[in-house]
Amino acid sequence: MKRRIETALFTRRDFVRAASAGPAAAWLAACGRAEDAGSSTDAEAAIASRGERPPRWAKDPAPFIQRTLNLETRLELVDGFITPNELFFVRNHSPTPAIDPEGYSLRVEGDGAETELRLDLSTLESLPQHTITAYLECAGNWRGLYPELTGTRASGGQWTTGAVGCAEWSGPSLATVLDLAGVRPETVDVNLVGLDSTGFERAMPLAKARDPDTIIALRMNGEPLPADHGFPARSVVPGWSGSSSIKWLGSIQLSTEQVWNANNTSSYVLIGDEWPAEEHAPAQGAVITELVVKSALALPRPAQLAPGSHVLHGFAHAPAGPVSAVEWSPDGGTTWMEAEIVDPILPLAWQRFEFEWDATPGAHTLATRATDAAGNTQPDEPLMNEKGYLLNVPLPHPVQVE
Ligand SMILES: Nc1nc2c(c(=O)[nH]1)N[C@H]1C(S)=C(S)[C@@H](COP(=O)(O)O)O[C@H]1N2
Ligand SMILES: [Mo]
């Protein structure tokens, strides 16, 4: 009997059903299959009618836009610089596993390791702790706006603007743990593997793994990592696609060869005419590492406002941050004005910006555009790719004033 699909919300009846049908079957039965449906399935309705929540998240899903396996943050609920844990988006490829901290250990292994290690939680806690304030964004954030902005639909979760958040993370640097095992000079890649049922994994080159800001986070915003965000330990790889930040970290594999798996050959890969597969084999296109500069308003989509003056805010982020300028447009991108970037301005974090808008009755389209210190800005033309990653044109935001 597998424990990993049992969450705090899993009832005994569900658990018995899961145990008899197998975890994957029970999961599908409980949750339905339509990845992007966003609406309740019969199974979900049945669970709801028993006064229970679907057993997919440990956190309260109420404030989120629910997307089958995922919870999307409503940016308008995020007022401060930090996304509170309760509001932080969840991107799960399988249910949140219930991990017993007593039995937990993190393995360091692979042909690039001098010695194999198993580190328990108290050992990880006893190592020097490094704290970063970093934003985390899914490479597919904004994908649901792809049809509106490009005229084509892209496959994958149809997020709007809420697959991003910013938190204070602390834990040992990954480099500290690598050095405990000893890194053989031939090591090329470090692959990180999760303890969830899909064993979600992602590799990075040794240099990125050795960056002191690449950490094994044990805490998020001053609390132990919440279950949905990877308790008891996850990687945080600032500036890189959220898929590199492996939750429920179970294994660190040092490899003397480049590591290829689904998450850098077909997923998190830019697929399209501009990236011929032959040139990128075994990947089907260009492998995504760093994110791109973006900004979004913290308003519902579409927004409704009363006529008069409003101080609007939003969040801007760049992978090699911070963002140094944010402009806003009252007319869908025809004219631009400078928005104010509000302190604190931290290199790995997102930046909160605000501006005052005098709203007149009628239908309006606002837009924002961020630029980082190196001059990278949001482009006018979208980066067309099959899976709709890294969309970052200045986002038109419909606002009805009445
Ligand atoms: N083990 C594991 N780690 C994972 C995932 C997962 O499904 N399993 N999803 C990844 C993806 S695609 C993203 S965007 C981030 C989301 O982190 P969050 O759920 O804490 O917001 O976790 C990453 N780490
Ligand atoms: Mo993601």
Side-chain angles (χ1 to χ4, degrees), residues 4-5 27 35 56-59 61 64-73 75 78 82-99 104 106 134-144 154-159 161-169 171 191-204 214-221 223-252 261-264 266-269 288-291 317 319 350 387-391:
R4 53 167 58 115
I5 52 160
W27 179 247
E35 155 82 356
R56 66 185 77 170
W57 307 294
K59 79 202 291 182
F64 295 91
I65 302 166
Q66 297 182 32
R67 302 189 182 282
T68 310
L69 284 167
N70 309 314
L71 297 175
E72 174 170 351
T73 298
L75 278 189
V78 183
I82 292 290
T83 310
N85 291 355
E86 317 80 71
L87 298 181
F88 206 98
F89 82 99
V90 179
R91 178 31 176 147
N92 271 7
H93 290 77
S94 46
T96 291
I99 294 176
Y104 172 79
L106 172 58
Y135 82 96
L136 187 78
E137 188 191 25
C138 181
N141 193 25
W142 299 15
R143 188 192 282 119
S155 60
Q158 299 295 301
W159 306 102
T161 55
V164 61
C166 184
E168 184 191 87
W169 312 93
N191 191 38
L192 304 179
V193 189
L195 293 168
D196 42 347
S197 56
T198 56
F200 193 83
E201 59 185 330
R202 176 60 199 246
M204 65 189 127
T214 297
I215 67 171
I216 300 174
L218 308 176
R219 304 182 72 78
M220 178 178 183
N221 292 331
E223 293 169 13
L225 272 182
D228 289 316
H229 298 291
F231 179 82
R234 78 174 303 168
S235 62
V236 176
V237 185
W240 277 38
S241 160
S243 56
S244 315
S245 293
I246 301 298
K247 306 193 276 189
W248 317 292
L249 187 62
S251 171
I252 300 172
N261 52 52
N263 287 335
N264 62 0
S266 63
S267 294
Y268 312 105
V269 170
I288 296 172
T289 56
E290 277 197 345
L291 293 161
H317 32 91
W350 67 11
K387 298 193 177 178
Y389 294 120
L390 304 183
L391 183 59

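One-based numbering, in listed order, for ligands and for the atoms of each.
- Under the 3.5 Å distance criterion, the side-chain polar atoms of Trp248 are left unmatched by any main-chain donor or acceptor of Ala233.
- Counting heavy atoms under 4.0 Å from ligand 1, residue Ala163 does not touch it at all.
- For Ser94, no nitrogen or oxygen atom sits less than 3.5 Å from a nitrogen or oxygen atom of ligand 1, counting backbone and side chain alike.
- For Asn85 and Glu223, the side-chain atoms include at least one donor-acceptor pair closer than 3.5 Å.
- Closest to atom 8 (N) of ligand 1 among all protein heavy atoms lies Asp196 OD2, 2.6 Å.
- Ranked by closest heavy atom to atom 21 (O) of ligand 1, the top entry among Phe200, Phe89, Tyr268, Trp159 is Phe89.
- Taking the six-membered ring where the residue is Trp, the centroids of Phe89 and Trp57 are separated by 6.0 Å or more.
- Leu69 is not listed as a side-chain neighbour of His93, based on a closest heavy-atom distance of 4.5 Å or more.
- Under the 3.5 Å distance criterion, with hydrogens and angles disregarded, no donor-acceptor pair is assigned to the side chains of Asn221 and Glu168.
- Taking each of Cys138, Gly156, Gly194 in turn, the one with a heavy atom nearest to atom 14 (S) of ligand 1 proves to be Cys138.
- The Trp248 neighbourhood of ligand 1 comprises atoms 1 (N), 2 (C), 8 (N), with distances under 4.0 Å to a heavy atom of that residue.
- Checked against the 6.0 Å centroid threshold, Tyr389 and Tyr268 count as a close aromatic pair.
- Those atoms of ligand 1 that come under 4.0 Å of a heavy atom in Phe88, given as number and element, are 21 (O).
- The nearest protein atom to atom 3 (N) of ligand 1, hydrogens excluded, is given as Lys247 N, 2.9 Å; this is a heavy-atom distance.
- Nearest to atom 15 (C) of ligand 1 among the protein's heavy atoms is Gly242 O, 3.4 Å.
- Taking 4.0 Å as the cut-off, Glu137 does not count as a neighbour of ligand 1 on heavy-atom distance.
- Of the N and O atoms on the side chains of Asn70 and Arg91, at least one donor lies less than 3.5 Å from an acceptor on the other residue.
- Within the 3.5 Å criterion, the main-chain N or O of Gly157 finds a donor-acceptor partner in the side chain of Arg143.
- Between the Thr214 side chain and the Val237 main chain, no donor and acceptor come within less than 3.5 Å of each other.
- With rounding to the nearest 0.5 angstrom, the CD1 atom of Ile288 is 7.5 Å from the OG atom of Ser243.
- The shortest contact between atom 24 (N) of ligand 1 and any protein heavy atom is with Ser245 O, 2.9 Å.
- With respect to atom 9 (N) of ligand 1, the closest heavy atom belonging to the protein is Arg91 O, 3.2 Å.
- Near Asn92, with a cut-off below 4.0 Å to any heavy atom, the atoms of ligand 1 are 7 (O).
- Checked against a 3.5 angstrom limit, the closest N/O atoms of Arg234 and ligand 1 fall inside it.
- The proximity of Leu136 to ligand 1, defined as any non-hydrogen pair under 4.0 Å, is limited to the side chain.
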